[in-house]
Protein chains: 2
Amino acid sequence: MAAQTLLSSAAASSSLSSSFEDGESTKNVSFLSAFSPAALHCNGRSNRRISSKKTQVVRCSVKTQEEQIYATQVKRNPNFAKLQAGYLFPEIGRRRAAHIAKHPDAKVISLGIGDTTEPIPSVITDGMKNKAHGLSTLEGYSGYGAEQGEGPLRTAIQQLYSKISPHTGVKPNEVFVSDGAKCDIARLQMMFGSDVTIAVQDPSYPAYVDSSVMMGQTGLYQTHSQQYSKIHYMKCSPENDFFPDLSSTPRTDIIFFCSPNNPTGAAATFQQLEELVSFAKRNGSIIVYDSAYSIYITDDSRPKSIYEIPGARKVAIEISSFSKFAGFTGVRLGWTVVPEELMYADGSPLGEPFPVIKDFNRVMTTSFNGASNIAQAGGLACLSEEGWKAMEDLVGFYRENVSILVTALKSVGLTTYGGENAPYVWVHFPGQSSWDVFAKILEEANIVTTPGSGFGPGGEGFVRISAFGHRENILEAAERLKKLFG
Amino acid sequence: MAAQTLLSSAAASSSLSSSFEDGESTKNVSFLSAFSPAALHCNGRSNRRISSKKTQVVRCSVKTQEEQIYATQVKRNPNFAKLQAGYLFPEIGRRRAAHIAKHPDAKVISLGIGDTTEPIPSVITDGMKNKAHGLSTLEGYSGYGAEQGEGPLRTAIQQLYSKISPHTGVKPNEVFVSDGAKCDIARLQMMFGSDVTIAVQDPSYPAYVDSSVMMGQTGLYQTHSQQYSKIHYMKCSPENDFFPDLSSTPRTDIIFFCSPNNPTGAAATFQQLEELVSFAKRNGSIIVYDSAYSIYITDDSRPKSIYEIPGARKVAIEISSFSKFAGFTGVRLGWTVVPEELMYADGSPLGEPFPVIKDFNRVMTTSFNGASNIAQAGGLACLSEEGWKAMEDLVGFYRENVSILVTALKSVGLTTYGGENAPYVWVHFPGQSSWDVFAKILEEANIVTTPGSGFGPGGEGFVRISAFGHRENILEAAERLKKLFG
């Protein structure tokens, strides 16, 4: 049994139960069953009937203890061991479920995970219905599409950029259609590899940091600072108008920057983004600019795309998504723009600069197979004249929600940020623990929010409230919050 | 300009044009335009009108040469530089396009990339239409779903395994629904990380090797052997019934194994897979078993799932897909099974074995956001009683196609493999170059095939012919092939 690892079941179950905490949907994984596969060797069907280890040992006494606790000789990827606890939102889901289990009659309102709640305008779903129907006909059927997305959709997205500003200069072949920004973040990280250094806004969307850890770009998690070593956390707080102090920011290869920001709701100004682009250019860094919430910008002094800033094509990739534009959180459709001018320092056969777009194209063709053609039909419908109007109405609805929440929170003297150009309100509870405030709001008002510290140490003392909800729930939540904090 | 890299435009364009070869859809990327961003600084719109470098310099003479050839200081991921040429299928697409450009009137039949051609049965598209419609209603709308897939679909897939055999033992929580097997391969590689060693069948589906190279698991490409160093290529040829000689196969951490095989069409027997599982178990390896073509198996002596083999739950992950089951190549839906019993050698806080399922769950929740809910509704319809029947009819149609092709090829004395339990025919041209045969068939019969060597050096001397096509095209192709080789 040279190549097998043995362990005592007791030790295994204790170490497992303390470290398995990812995702609601796998919480029914039984650790005991993970250690009782021996039944499979006795009788394929008996495995299901075995409910305890004791029973199993009796039934399968011919199997040795070694057989029962087999492990492969493959070492776990050490980068995964660095990851702290679960991904934020499954963790919140678990706390929500525990609350509901404890208070089964509570009318819980979920303003935690930023999940859209309103139906998709039918002008858009009709596009998807027609495509789905077409797939059942000889004329309408299509198989594999280009991994980079269908031509008409790439062009429509390029035209969206032209509409934002004639200065963006985005070309159709620079637009890569995908199944969402979160997925593109992972693919970008796979492309950058393990040797790059990164900076993130603090607080920020957890996927930037977690994907960086997975790819081995970081050191260990530092309990005292609540940061991973080798990542630079750019503090964004009311003191600096939620824009990092770049004069004290070290150079990194990659800078993740989200505007309007998730979670703070802050949208950077032209001046701030010019400063960012100039900083990146001076340092030879690449900005990964997340504009997934740009449609919520109402204020003309704030760019909707990084490419509105002169020179950005040389330093920035932009990721975006239909999720919060059109309620496509479940439909799954996003895109990434990689300008032709964006160059690595080296990488060509003679060691000269190499276009990033070529490697991104390679990632997309090798590890992706295109977004669903039905979702792409939906995206095309979103960008039709009628679809765009319907989408703006939908966004307008959520904007009204934000305004209701902000008014309520301010009326009881709370300090709020964001909300004006974003579907999130960032509520300040100075000196308090985010998780404590989260627990208090859940416990006493039956409202699920998101603790700010879940987005990084810079989020401590804040709670994010999402404006994605049915109107009656938003109104009810506003009342409950006023009562709780009034 | 300390942090900027300068290069001479001439050097840059020469190195670029020789190394840019990925993907048809980016072939319109202009290298010249990649080096003429200065126009952006003069006038956002003028960029489009500039068609040559010379024009640009005249227009923007205020800009320095340095501005025009800016590169970041980010180093290219060296693993990407190891990748050879383009991904196989875009390369074939390019040759096809060149042929058509040369012979615009040729009636080209595409039996190259294994792309489904027949409409999806309406019982399945109706499921998707209904879901799309539902998204426009308050009752039917849903946003983010579980990253691991919707409960009913996970259960339906688990039931599919029960139907295959009561011995598979797959549980719903072990099923991770995704946007396709190719995407899951990349996510599995991200999970395994850069330190594992891998083995692949030779020939094999290129995504295993290419994703391994990207993740840094390999050394450089060796021109003499046409292999990447550090990957073990398990030769699969007529001499060994397309099953590797495991007695001469070294231990690797991961073994990619596809059955029915793409490209050879060989489906492993029970005995062969028992040997494989026992080999993996002896070595403490993890098998990544690709069963994307299992529905084409007609012969009961060949398993449709690795979990039909006793003990496989301790050593194997299985990836599969609706693409070739139901014509979902464009809809995008697949799944991966990770059994609870599958353990890394280490990784728990005390250094004891750690369940692989937990890390895969983490990858899925951090770098993926669920398959499209519309595609998932389609998957559920596929697995209904009526849907399954319709799917089997569809598969039956392609099986008839295979049989037509095999009969034609054999009638002119060619030696073929595969085809019986797979939608691919693997045609032997001993002593000839695959690309030469590919070119001959394209040039003289206007049929696109796939050169065997594109799947690895072990594919040299073979050509893969796909049976995915309209019946009249298959019949026509059969006639042309008979004429060409008769």
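First the proteins, then the strands, lettered A, B, ... as listed; each starts at 1. Since the structure is predicted, the reported quantities are computational estimates derived from the model, not experimental observations. Note: hydrogens, waters and symmetry copies are ignored here, and every other heavy atom, side chains too, is used.
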### Query
Between A:Arg251 and B:Gln73, is any pair of side-chain heavy atoms under 4.5 Å apart?
yes
### Query
Are any of the side-chain heavy atoms of B:Met128 and A:Ile374 separated by less than 4.5 Å?
yes
### Proximal component of B:Met191, with respect to chain A [non-hydrogen, under 4.5 Å]
both
### Task
Please determine, among A:Gly327, A:Ala375, A:Gly180, A:Pro339, the option with the most heavy-atom pairs under 4.5 Å with chain B.
A:Gly327
### Task
Go through A:Ser165, A:Ala186, A:Gly134, A:Gly140 and name the one with the most non-hydrogen pairs under 4.5 angstrom from chain B.
A:Ala186
#### Entry: Straight-line distance of A:Asp359 CG to B:Leu83 CG, nearest 0.5 Å
8.0 Å
### Query
Taking atom CZ of A:Phe80 and atom OG1 of B:Thr366, what is their separation to the nearest 0.5 Å?
7.5 Å
### Query
Just wondering, do B:Pro119 and A:Leu138 contact through their side chains at under 4.5 Å, heavy atoms?
yes
#### Entry: Gap between atom CD1 of A:Ile254 and atom OG1 of B:Thr72 - 0.5 Å precision
7.5 Å
#### Entry: Shortest non-hydrogen separation from B:Val331 to A:Ser372 and the atoms involved
O-OG, 2.9 Å
### Summary
Heaviest contributor of heavy-atom pairs below 4.5 Å to chain B, chosen from A:Gly347, A:Gly193, A:Gly143, is A:Gly143
### Message
For the CE atom of B:Met214 and the CZ atom of A:Arg187, what is their distance to the nearest 0.5 Å?
### Response
11.5 Å
### Message
For the interface with chain A, which of B:Asp195, B:Asn369, B:Val363 has the highest count of heavy-atom pairs at distances below 4.5 Å?
### Response
B:Asn369
### Query
Side chain, backbone, both or neither: which part of A:Ile124 has a heavy atom under 4.5 Å from chain B?
neither
### Query
Can you tell me if A:Lys182 uses its side chain to pair, donor with acceptor, with the backbone of B:Thr365 under 3.5 Å?
yes
## Note on the structure
Distance col, row A:Asn77:CG vs B:Met215:CE, nearest 0.5 angstrom, shows 7.0 Å
### Task
Select one option (side chain, backbone, both, neither) describing which atoms of B:Val196 are under 4.5 Å from chain A's heavy atoms.
side chain
### Task
Let me know if B:Asp179 has heavy atoms under 4.5 Å from chain A in its side chain, its backbone, both or neither.
side chain
### Task
Search all heavy atoms of A:Ala71 against all heavy atoms of B:Met343 and return the closest pair with its distance.
CB-CB, 3.7 Å
### Task
Drop me the distance from B:Lys281's NZ to A:Tyr70's OH, to the nearest 0.5 angstrom.
6.5 Å
#### Entry: Engaged part of A:Tyr141 at the chain B interface, taking heavy atoms whose separation is under 4.5 Å
side chain
### Message
I'd like to verify something: which residue of A:Asn79, A:Thr116, A:Thr117, A:Asn130 has the highest number of heavy-atom pairs under 4.5 Å with chain B?
### Response
A:Thr116
#### Entry: Option that, when pairs with chain A are counted at under 4.5 Å, heavy atom only, ranks first among B:Ile286, B:Leu333, B:Val315, B:Thr329
B:Thr329
### Task
Would you check if the side chain of A:Tyr144 reaches a backbone N or O of B:Ile113 as a donor-acceptor pair within less than 3.5 Å?
no
#### Entry: Among A:Asp253, A:Asp115, A:Thr137, A:Thr125, residue most engaged with chain B (heavy-atom pairs, under 4.5 Å)
A:Asp115
### Message
Between B:Ser323, B:Pro78, B:Cys183, who has the most heavy-atom pairs with chain A when the cutoff is under 4.5 Å?
### Response
B:Cys183
### Which atoms of B:Val356 approach chain A - backbone, side chain, both or neither, heavy atom under 4.5 Å
neither
### Message
Can you tell me which portion of A:Ser122 sits under 4.5 Å from chain B's heavy atoms? Options are side chain, backbone, both or neither.
### Response
both
### Summary
For B:Arg332 and A:Gly370, the nearest pair of non-hydrogen atoms, with its separation, is CG-O, 3.5 Å
